[in-house]
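Ligands are counted one by one from 1 in listed order, and the atoms in each one are counted from 1 as well.
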Amino acid sequence: MNRYRIKFHRINHIFISHLHGDHYLGLMGLLSTMHLQGRTEPIHLYAPNDLQEIIDIQLRYSETILRYEIIFHPVNPASSKMIFEDEDIEVRTIVLNHRIPCTGFLFTEKPKLRKLQKEKLLEYSIPVSVYPELKRGENYVAEDGKVILNAELTTDPRLPRSYAFCSDTLYNERIIPMIKGIDLLYHEATFMNDKIERAAETYHTTAEQAGTIALKAGVKRLLIGHFSARYKNLYPLLEEAKEIFKNTSLALEGDKFIID
Ligand SMILES: [Zn+2]
Ligand SMILES: [Zn+2]
């Protein structure tokens, strides 16, 4: 995060999928750094229930009293739930199938309001008090009863964007209905398909299987990651996924993927 100049104070919500070390051992360092940097804003943590105890023990034995509050939201790994909502976005859990309880996360923007066309509003002398109604798509009815259609005064908003994080998991078609048609899917691809049995034993997915999930779910773009350390060259994994689902990229540290 330092290397890519991501400002720590901009992070207010952290989502942890499961309690294998590669998914949370860095968290304590991050929380401590935030403390040392003088953070006072609370942080929301969405994670398996047991993580609370793990954090408490570390704070207790280092005799650390954080300057900020951790607001802990235990996630139920057995069923999909909405765990966060504000005026812009919603976050839901996705039930994954891993060796220990594990959830993915689906982030979806709420539908945006229609965009007002300033010049038109002035042209028709529309009172400011009706702007909220116009944003919601209603027509304008003047005092003399004359109607101006909404399409005259507003333009379509940007389509709501969506992103899902699915790691770690066995190949699992049950996640497909939840991620249908989303803009960007991150899916683990720990192995190549020649290690499909190893993938099954360890509750992981192959690159080809990740491509299949993306294809069946009709997502717009796939990112694969969580590669086994055995692969020094990751391009064969990318090629394998691309054979099934063309619009695939490697989720490499520091790369930026923009949904527009
Ligand atoms: Zn794991
Ligand atoms: Zn993992």
At the Zn ion (ligand 2), NE2 of His23 and OD2 of Asp22 open up to roughly (10° bins) 90°

Can you give the angle His226 NE2 - the Zn ion (ligand 2) - Asp168 OD2, rounded to 10°? 100°

Should Leu184 and Lys220 be marked as a side-chain contact (heavy atoms from CB on, under 4.5 Å) after you check the CA-CA gap, both sets of side-chain angles, and the distance that decides it? CA-CA 6 Å; Leu184 184 63; Lys220 300 204 180 79; over 6 Å; no

Of all N, O or S atoms in His18, the one closest to the Zn ion (ligand 1) is NE2

Closest approach to the Zn ion (ligand 1) by His20, given as the N, O or S atom name: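 Restricting His20 to its N, O and S atoms, the minimum distance to the Zn ion (ligand 1) goes to ND1.
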
Test side-chain contact (heavy atoms from CB on, under 4.5 Å) applied to Gln52 and Asn49, step by step: CA-CA 6 Å; Gln52 203 164 2; Asn49 191 43; 3.8 Å; yes

Test side-chain contact (heavy atoms from CB on, under 4.5 Å), reference Thr154, set Leu113, Leu134, Leu121, output is Leu134

Does the side-chain contact (heavy atoms from CB on, under 4.5 Å) test come out yes or no for His20 and Cys102, once each step is laid out? CA-CA 9 Å; His20 279 149; Cys102 184; over 6 Å; no

Cys102 N/O/S atom closer than 2.8 Å to the Zn ion (ligand 1): no

Would you say the Zn ion (ligand 1) has His98 as a near neighbour, meaning an N/O/S atom of that residue under 2.8 Å away?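 Yes, since at least one N, O or S atom of His98 sits under 2.8 Å from the Zn ion (ligand 1).
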
Given the rule in the side-chain contact (heavy atoms from CB on, under 4.5 Å) test, do Lys195 and Tyr231 qualify, once you have shown the distances and angles that lead to the verdict? CA-CA 12 Å; Lys195 292 276 178 292; Tyr231 302 109; 4.0 Å; yes

